[in-house]
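To keep things clear, I will list the structure first and then write my remarks on it.
So you know, we letter chains A, B, ... as the sequences are listed, proteins then strands, and number each from 1. Quick caveat, the model's predicted, so the values are computed rather than measured.
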Protein chains: 2
Amino acid sequence: MIRGESATEPDALAGARVEGTRDTDSAAVALFHSLSDPARLAIIRLLSDGERRVVDLTGELGLAQSTVSGHLACLRSAGLVDAHPHGRSTYYALTRPELWELLAAAETVLDAAGSAVTLCPEHHRPQRPEPLVPCGVAVRGCLLHGAHHGRH
Amino acid sequence: MIRGESATEPDALAGARVEGTRDTDSAAVALFHSLSDPARLAIIRLLSDGERRVVDLTGELGLAQSTVSGHLACLRSAGLVDAHPHGRSTYYALTRPELWELLAAAETVLDAAGSAVTLCPEHHRPQRPEPLVPCGVAVRGCLLHGAHHGRH
DNA sequence: GCGAATCATCGTCATATCCCGATGATAACG
DNA sequence: CGTTATCATCGGGATATGACGATGATTCGC
């Protein structure tokens, strides 16, 4: 991963090894893998405010520069960030606004599991669809509205 | 992971090591990690039709039984499946209907990246929200409806 | 022109991960 | 009761991963 991102490359061979998997699962595997590291989640959060240089991210994360470069390479390979060299600096920015829906959906899954998790920065949080169940059963406070909504 | 799921346990220590991460990120990391393996995605797909025994999954996946047990332990630790021992068999079932929204959202991200990926079984696919952009700009066929919708 | 800054890459290390076969506890079957 | 089936767990192997420091190419600032 840190060198060459071989594990995140779409790998039809590994996909064909396990029955029931699909070649296209590799892209999904790479996407989920890119999100399965705390440093990379933190990078995404930092980039949500706008593009940043590697040295900025390095300072904020408190990791070695080479490590940050590796994480950015992983995110880049998964298509979540883009790199814009500018002189001796390289600016990285997020590329997929759809990512916020994904993070919000993960919040929902974890919320249902009892983990109050906030992955989406507030200004990127997609609107939750209106609950289909009429209000009446207060199960848990809604993360977005902080009020009690019917859940199910 | 295969023994003890130490890597998927919420680990506040690792979370505190990288600046900008949150302790609660561990649950998200574990969730994304649980989805970042082709065999586990296949298991989720198999279980989408209803609960199954380990031996059934083992047969369908073509993996060693111990491997399948390990994957199920991972999914279980992430809260995505539940185990119901019944005699000498153990039935596994999915626990989070919210998971379909997450997989659909991942499809969207990958779709935007140019990878036509189907993670959601058809009978579990959540309804896509109506596009906010009026029809007019045909960019890419909609996975669900197969017709051309405005994208942006 | 020189020193400093930046960053992708490499090598190394400790640990994790997925794979397998083996094993033992438990339950089912004849 | 003896045999078979099932499954969680363990040990080992091959590989991957995230961490670090070092390095060299490129750019910037004086």
Checking Ala93(A) now: which residues fulfil side-chain contact (heavy atoms from CB on, under 4.5 Å) with it, not counting sequence neighbours? Glu51(A)
When the distance from CD1 of Ile43(A) to P of dG18(D) is rounded to whole Å, what number comes out? 11 Å
Thr58(B) side chain vs Val54(B) backbone, donor-acceptor pair below 3.5 Å: yes
Give every residue pair that meets the salt bridge (Lys or Arg N to Asp or Glu O under 4.0 Å) criterion with at least one member in residues 79-88 of chain B, sequence neighbours excluded. none
Does any residue of residues 84-92 of chain A have a heavy atom under 4.0 Å from DNA chain D, and if so, which ones, in number order? Gly87(A), Arg88(A)
Establish whether the base of dG21(D) is bridged to the side chain of Ser66(A) by a donor-acceptor pair shorter than 3.5 Å. yes
Examine dC18(C): is either OP1 or OP2 under 4.0 Å from a nitrogen or oxygen in the side chain of Arg40(B)? Give yes or no. yes
side-chain contact (heavy atoms from CB on, under 4.5 Å) with Ala42(A): which residues, sequence neighbours excluded? Arg45(A), Leu61(A), Thr21(B)
Keeping to residues at least two apart or across chains, list the salt bridge (Lys or Arg N to Asp or Glu O under 4.0 Å) pairs with something in residues 53-80 of chain A. Arg52(A)-Glu60(A), Arg53(A)-Asp56(A)
Rounded to the nearest angstrom, tell me the gap between atom CZ in Phe32(B) and atom P in dT17(C). 17 Å
Whole angstrom value for the distance that separates P of dC18(C) from CG of Leu75(B): 10 Å
Can a side chain N or O of Arg53(A) be found less than 4.0 Å away from OP1 or OP2 on dT6(C)? yes
What nucleotide, of dA22(C), dT17(C), dT6(C), holds the atom closest to the side chain of Gln65(B)? dA22(C)
Ranking dT17(D), dG21(D), dC7(C) by distance to the side chain of His33(A), first place goes to dT17(D)
Asp37(B) CG to dT15(D) P, in whole Å, measures 17 Å
Considering residues at least two apart in sequence or located in another chain, which fulfil the side chain to side chain donor-acceptor pair (under 3.5 Å) criterion with Thr95(A)? none
With respect to the phosphate group of dC19(C), does any side-chain polar atom (N or O) of His71(B) fall under 4.0 Å of OP1 or OP2? yes
